[in-house]
2 protein chains.
Amino acid sequence: MRAKTSRMPAVPDAAVGLRADARQNRDRIVEVARELFADRGLDVPMAAIARHAQVGIATLYRRFPTKESLVTEVFADQFEACVSVLDDALADPDPWRGFCTAIEKVCTMQAVDRGFSAAFIAAFPDAVDIEQERDRAIQGFAELTRRAKETGRLRADFVPDDLALLLMANSGIIAESTEAALAASRRLVAYLLSAFRAEQAESLPSPAPLNLHDVLNSPASTPRPAPQAGTSPGDPPQSRSRNR
Amino acid sequence: MRAKTSRMPAVPDAAVGLRADARQNRDRIVEVARELFADRGLDVPMAAIARHAQVGIATLYRRFPTKESLVTEVFADQFEACVSVLDDALADPDPWRGFCTAIEKVCTMQAVDRGFSAAFIAAFPDAVDIEQERDRAIQGFAELTRRAKETGRLRADFVPDDLALLLMANSGIIAESTEAALAASRRLVAYLLSAFRAEQAESLPSPAPLNLHDVLNSPASTPRPAPQAGTSPGDPPQSRSRNR
DNA sequence: CGATAAGTGGAGAGACCTATCCACTTGGCC
DNA sequence: GGCCAAGTGGATAGGTCTCTCCACTTATCG
């Protein structure tokens, strides 16, 4: 399975029939977008991306019809990196160590890259090939969890969905500077890994509050226009005459 | 110190010289705002708040010249509730138990109220009276930490600023439904409290990554216009002639 | 009861942001 | 070289949002 080496750009699939200059532009767009997303978060305006990539907005939008599609493309390989972190973890002869380092690595990636964190937690609503990877990742982590429990180092009442908990918690750690975020994330992860160890099995409250599948998929806090409490239906004017 | 009973509206200070009807409106605005913030987050439009409170936007803005001021007002007493949670904790004869329940309570408040969570983490840039309370809270928590360590139940390398870590992490736990968020938060807190116990003192990475004082004060992820990557200075057009 | 300061609603100014349109350019094949 | 499909930039439409302005209404006090 997965014959292709799968790592690095390797022609992003959608950039095949493009004219040379067009492709160069496309590449620069993605590159610039990745950088901007990383340190300003997902809500940098499309205009800023275009400007930094030195193309017109139109060009940007022809290549990526919607902002979401750009986000998806940009983070597709970041997600793949996560998957390969998991592969490494599964390959580790010591499952507990694999478990710990996998979590540490992914959380570091999250802490270092604002946009990645947001995109990761938020939405890959379409992204077909990602969807596949995602399921593989979930299964892989379940397997890793099982093995780690088998060694007796991971507490028995840990559930794979707790990873969702951890990822969301870690995503809350967003400091002014990247360094601070990284340090904070590291300490949080250290605390949590310590809590995951089998030794102190003080009973935990509920078994599975958040679903890992959802966290890695459902649309959530993406650039989407935000909850919207305005003119939307279900917001009746409610009479209460006064004045006039 | 703090002679006044301090709990419940008790005339919010700024609503003293108001005409009867005006004051009624003001109260309704705050009440409605609290509800909306709680379940839709801080970015409900001012218009929606005005509509629900059945006043014109102008009224809303005369009472609260800026959205931030409304947010501040709304969460001032919620913050006070936190402070009193801390007082309770300090009054507990068992410091470790006080420590745990204080954290549990505050995190529950955060999980149950989207807006509170955001406002808490985010910004009280002006709010003079809050500032005072905040310092008191920080000192109080430091004292609680000290006592809890003294009992030997809290690990020695815990630092008060770790509360900032915990609060930010907990704020990352925002699910679709409030119940899910609550359950998730509870489990996260349980994990973390377990990690805070003295027994497993596996060494932690860095001592103090986030500053509690900043987390409770500095402007951050408030409704503020968002990072802004657009026309702002330091975003040069960068020549790269092509076309035209 | 009336005068008047206090209070009010809603239109709209000014910023942003995503996304579209269209007249113009240019790479690449003959 | 020249043709033309492929590619391009910038103006702008259309949507939000916060906050301002001003002509009108009403509580309150003598």
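Proteins get letters first, then strands, A, B, ... in listed order; numbering begins at 1 in each.
You'll find the side chain of F37(A) reaches within 4.5 Å of the side chain of I49(A), heavy atoms only. Inter-residue side-chain proximity for E31(A) and E35(A) is flagged as met; some heavy-atom pair is nearer than 4.5 Å. In this structure, D27(B) and R23(B) have side chains that are in contact, with non-hydrogen atoms separated by less than 4.5 Å. Proximity of I138(A) to P160(A): side-chain heavy atoms (C-beta onward) are nowhere separated by under 4.5 Å.
With rounding to whole Å, R28(A) atom CZ is found 12 Å from dT8(D) atom C1'. When the C1' atom of dG10(D) is taken as reference, atom CZ of R51(A) falls 13 Å away, rounded to whole Å. Rounded to whole angstrom, the span from the CD atom of Q24(B) across to the P atom of dT8(C) amounts to 10 Å. F64(A) has its CZ atom 16 Å from the C1' atom of dT8(D), to the nearest Å. Rounding to whole angstrom units, CD1 of residue I49(A) and C1' of dT18(C) are separated by 11 Å. The distance between atom CG of D43(A) and atom C1' of dT16(D), rounded to the nearest whole Å, is 14 Å.
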| request: Determine, stepwise, if the pair R34(B) / D77(B) fulfils salt bridge (charged side-chain N to carboxylate O under 4.0 Å, His left out). | output: CA-CA 11 Å; R34(B) 175 150 42 233; D77(B) 38 323; 3.1 Å; yes
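Closest non-hydrogen pair, A181(B) versus I173(B), comes out as O-CG2, 3.8 Å. Nearest heavy atoms, C82(B) versus F116(B): SG-CZ, 3.5 Å. For S185(A) against N170(A), the heavy-atom pair with the smallest separation is OG-OD1, 2.7 Å. In this structure, V74(B) and A33(B) approach most closely via the heavy-atom pair CG2-CB, 3.8 Å.
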Expected rows: protein N/O vs nucleotides 28-30 of chain D N/O, under 3.5 Å:
| residue | atom | partner | partner atom | Å |
| --- | --- | --- | --- | --- |
| dT28(D) | OP1 | A20(B) | N | 3.2 |

Mind listing the N/O atom pairs, protein and nucleotides 19-23 of chain C, below 3.5 Å?
| residue | atom | partner | partner atom | Å |
| --- | --- | --- | --- | --- |
| dA19(C) | OP2 | K67(A) | N | 2.8 |

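Contact annotation: T59(A) reaches the phosphate of dG9(D) (side-chain N/O to OP1 or OP2, under 4.0 Å). Distances shorter than 4.0 Å separate none of the side-chain N or O atoms of N25(B) from OP1 or OP2 on dG7(C).
R26(A) comes within 4.0 angstrom of no nucleic acid atom, judged by non-hydrogen atoms across all strands.
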